[in-house]
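Reckoned from all heavy atoms, side chains included, excluding hydrogens, waters and symmetry mates. Keep in mind that this is a model prediction, so the values were computed, not measured. Within every chain, numbering begins at 1; the chains are lettered A, B, ... in the order of the sequence lines, protein sequences first and strands thereafter.
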2 protein chains.
Amino acid sequence: MRTTIKDIARYTGFSVTTISLVLNGKAKKIPKQTKDVILEAADRLNYHPNQVAVGLVKKRTNTIGLIISDVSNVFFSNLAKGVEDECRRQDWNLILCNTNDKHSRDISYIQVLADKGVDGILFCMALDSSKKKGMESIGLMEKLKIPFVMIDRFLEGARCCFVSLNHELGGYMATEHLLKLGHRRIGCVTGPDVLEDSMARLTGYKKALAEYEIDFEPSLLYHGNYDRESGINGADYLVDKDVSAIFAFNDMCAYGVYNRLKRLGKSVPEDISLVGYDNIFFSEILDVPLTSVEQPVYEMGVEAVKQLIDGINSGNCAEKSILFQPRLIVRESTSEYKER
Amino acid sequence: MRTTIKDIARYTGFSVTTISLVLNGKAKKIPKQTKDVILEAADRLNYHPNQVAVGLVKKRTNTIGLIISDVSNVFFSNLAKGVEDECRRQDWNLILCNTNDKHSRDISYIQVLADKGVDGILFCMALDSSKKKGMESIGLMEKLKIPFVMIDRFLEGARCCFVSLNHELGGYMATEHLLKLGHRRIGCVTGPDVLEDSMARLTGYKKALAEYEIDFEPSLLYHGNYDRESGINGADYLVDKDVSAIFAFNDMCAYGVYNRLKRLGKSVPEDISLVGYDNIFFSEILDVPLTSVEQPVYEMGVEAVKQLIDGINSGNCAEKSILFQPRLIVRESTSEYKER
DNA sequence: CTGTTAGCGCTTTCAC
DNA sequence: GTGAAAGCGCTAACAG
């Protein structure tokens with residue numbers, strides 16, 4: 001059996017109270033000598049407080065939950081890394097929850113995490129959440145009085161702390177880059193329309209077009225799903241529209257575009273310039289390294305944890321948005337527009 | 001405040017015991033009517049047991065810890081996904097721990113997990129562990145009487161359950177594939193020599209060579225580190241050795257080889273055939289899709305959880321090795337040897 | 001059939 | 001300065 005506080009009491013002759021006081025640094029008026037005896041005994045008996053018991057009485061577990069759709073997705077695994085690293089730095093622990101983008105799992109995980117006594121939740125809403133469903137998740141956390149921070153995906157109207165990227169700016173940067181290179185017909189392979197971040201990228205795209213006094217053409221939009229498949233289909237669709245450049249709303253789908261274009265006999269960037277989004281590690285490895293908008297995902301994870309723990313310590317998370325700045329990483333998949 | 005069992009007692013007029021019995025399905029001789037009253041009350045009051053309290057008394061938390069080096073590494077993120085999915089299926093939870101391959105973190109996480117009351121640990125030893133250090137980690141888990149399963153990385157002499165891949169066979173398959181294509185001078189970019197799995201792949205390589213009666217040439221080995229950098233340096237080294245094929249001991253380093261060969265003006269597979277290992281998702285996306293030995297990482301994660309939970313339920317994990325079979329995925333990076 | 005009681009390991013108030 | 005006692009929310013003997 002593990003050593004308990006009682007064992008130390010028995011061993012030293014002091015009461016459980018005194019031991020607890022000393023071990024928690026709350027022993028204001030206990031003579032050094034007593035302290036030393038207790039500390040030494042704790043050490044010798046290799047005492048480690050049972051955190052389950054501590055959690056029960058303190059109603060604090062120093063544990064948070066991370067709800068995401070899928071750790072095996074590169075974006076989320078980088079986020080999770082940042083989250084876990086910061087947790088460790090602050091001596092907290094992390095319970096990982098994958099929802100596979102099912103709203104019902106958001107709900108069940110929130111409840112389970114609450115039952116397990118986590119002190120807070122980092123929440124990245126499931127993709128299949130309608131606005132109403134999303135609000136249900138948030139409502140549940142509020143009802144359970146469990147502090148939370150939303151990451152990456154936001155819900156208009158949610159009054160909470162939100163950590164993400166300035167996607168409008170990201171969309172603008174990608175588009176402006178292509179415009180500067182002389183491209184005028186720029187196709188997009190978007191993300192799911194229900195996602196605010198995809199919509200924001202689109203807004204940035206439109207804004208850049210407007211600045212260059214180019215009319216926005218809805219037919220140059222292929223509505224995708226952030227996966228490689230979308231990129232493949234998007235490439236098929238856009239090639240027929242005679243675009244000279246494509247802005248893929250994330251790298252995974254840019255890979256699809258890239259692969260498909262090649263198969264169609266179009267080369268990147270000679271025939272078509274391509275910009276991705278996320279700047280996944282792999283993008284650098286492609287034969288034609290991908291120009292991409294970088295999201296500092298790891299740092300976002302770190303920041304979200306900081307916000308959450310602050311919120312936990314102060315009672316609740318303040319309502320605010322922390323938007324990171326995107327950075328355009330120019331590589332070889334984009335080049336000047338050439339008249340054909 | 002959350003509803004407690006006392007609230008239900010007060011609400012229904014029954015004692016706490018009865019409530020507990022009913023809610024836990026242990027109410028053998030309690031009349032249906034009483035049950036219904038209690039169940040309905042629990043439902044109406046939206047009762048959810050406080051698992052921290054349950055954990056304290058039952059000494060079970062239905063939580064396991066996963067100790068790996070880095071979730072942002074594709075291999076581990078896929079493993080983690082399998083682990084978490086199986087946990088969810090069995091109604092368990094997962095605490096994620098990244099060590100960044102530091103042995104000292106293995107040790108501290110093991111202790112923390114024990115303090116938090118996890119029922120078991122899935123352990124993938126830190127890379128910087130010497131044999132002695134590795135044994136220290138295992139010894140600690142044994143001392144703490146916490147069931148564990150080792151995954152991916154094994155320690156000769158550890159008496160425990162181990163889930164991994166038959167890497168010797170994997171190395172053999174990759175090499176044999178190249179031999180069948182007529183290659184005779186096959187270079188290797190290995191993983192860290194301290195890792196059993198890298199050593200096993202090498203053994204498989206030698207075995208295949210022996211079958212084809214080819215002398216093993218130590219100079220055709222570049223000792224790498226499983227990262228892209230190793231691949232880059234390995235390519236430089238091996239090109240000078242006039243090999244016609246390279247077996248990279250993992251995909252990440254195969255990418256390095258691939259990128260470097262291209263830069264050196266060698267094309268894959270025309271000039272040099274290339275085989276990777278792990279079959280990471282991305283390998284399919286490369287301009288020259290990579291032939292690779294597949295590790296069913298996700299399934300390994302699932303199996304490890306099954307073993308661990310079985311072990312927890314039965315008192316301890318049986319000493320056994322569960323080796324998955326590798327599968328060679330032939331793509332376009334390998335072709336027949338051509339006399340030059 | 002159901003309730004009383006003790007106790008999991010710890011913190012904390014209050015009293016001496 | 002230190003200890004007794006209560007209690008966190010729950011389970012599980014043991015009574016009756």
Looking only at dG9(C), dT2(C), dG3(D), the nucleotide nearest the Ile30(B) side chain is dT2(C)

May I ask you to evaluate whether Asn24(A) reaches the phosphate of dT11(C), defined as a side-chain N or O under 4.0 Å from OP1 or OP2?
yes

Take atom NZ of Lys32(B) and atom P of dC1(C), then tell me their distance rounded to the nearest Å.
14 Å

Both Thr18(A) and Lys58(B) contact DNA chain D. Taking the nearest nucleotide for each, which residue is further toward the 5' end?
Thr18(A)

Calculate the interatomic distance between Asp7(B) atom CG and dC8(D) atom C1'; express it in whole Å.
14 Å

Less than 4.0 Å between a side-chain N and a carboxylate O, is that true for Lys306(A) and Asp310(A)?
no

Can we say Glu40(B) and Arg44(B) salt-bridge, meaning some charged N sits less than 4.0 Å from an Asp/Glu carboxylate O?
yes

Side chain of Thr17(A), heavy atoms from C-beta onward: which of dC8(C), dG3(D), dA12(D) has the nearest atom to it?
dG3(D)

I'd like to know if Asp115(B) and Arg2(A) make a salt bridge, using a cut-off of under 4.0 Å between side-chain N and carboxylate O.
yes

Verdict with reasoning, Phe162(A) to Phe154(A), per ring pair (Phe, Tyr, Trp, His ring centres under 6.0 Å):
CA-CA 7 Å; Phe162(A) 173 54; Phe154(A) 189 58; 4.3 Å; yes

Length of the CD1-P vector between Ile19(B) and dT4(C), whole Å
12 Å

Is the phosphate of dT2(C) approached by Thr34(B) (side-chain N or O, under 4.0 Å from OP1 or OP2)?
yes

Presence of Lys59(B) side-chain N/O under 4.0 Å of dT11(D) phosphate oxygens OP1/OP2
no

For DNA chain C, whose closest nucleotide is more 5', that of Ser20(A) or that of Val57(B)?
Val57(B)

Please classify the nucleic acid contact of Val52(A) as base, sugar-phosphate, or nothing, using heavy-atom distances under 4.0 Å.
nothing

Separation of atom CD1 in Ile38(B) from atom P in dC1(C), rounded to whole Å:
14 Å

Could you tell me whether Arg153(B) and Asp197(B) have a side-chain N and a carboxylate O separated by less than 4.0 Å?
no

Given atom CD1 of Ile8(A) and atom P of dC10(C), what is their separation to the nearest angstrom?
8 Å

Once you apply a heavy-atom cut-off of 4.0 Å, does Val54(B) come out as touching a base, just sugar-phosphate, or nothing?
sugar-phosphate

Provide, to the nearest angstrom, the distance between the NZ atom belonging to Lys6(A) and the P atom belonging to dG7(C).
8 Å

Starting at atom NE2 of His48(A), determine the distance to atom P of dC10(C), rounded to an integer number of angstrom.
12 Å

So does Val74(A) get a backbone contact from the side chain of Asn78(A), meaning a donor-acceptor N/O pair under 3.5 Å?
yes

Provide, to the nearest angstrom, the distance between the CD atom belonging to Gln33(A) and the P atom belonging to dG1(D).
13 Å

For dG9(D), does either OP1 or OP2 sit under 4.0 Å from a side-chain N or O belonging to Thr4(B)?
no

Choose from dC8(C), dC10(D), dT2(C) the nucleotide whose nearest atom is closest to any side-chain atom of Pro31(B).
dT2(C)

Give one of base, sugar-phosphate or nothing for Gly13(A), where a contact means two heavy atoms less than 4.0 Å apart.
sugar-phosphate

Sorted by position of nearest nucleotide on DNA chain D, 5' first, the leading residue of Leu56(B) and Leu21(B) is Leu56(B)

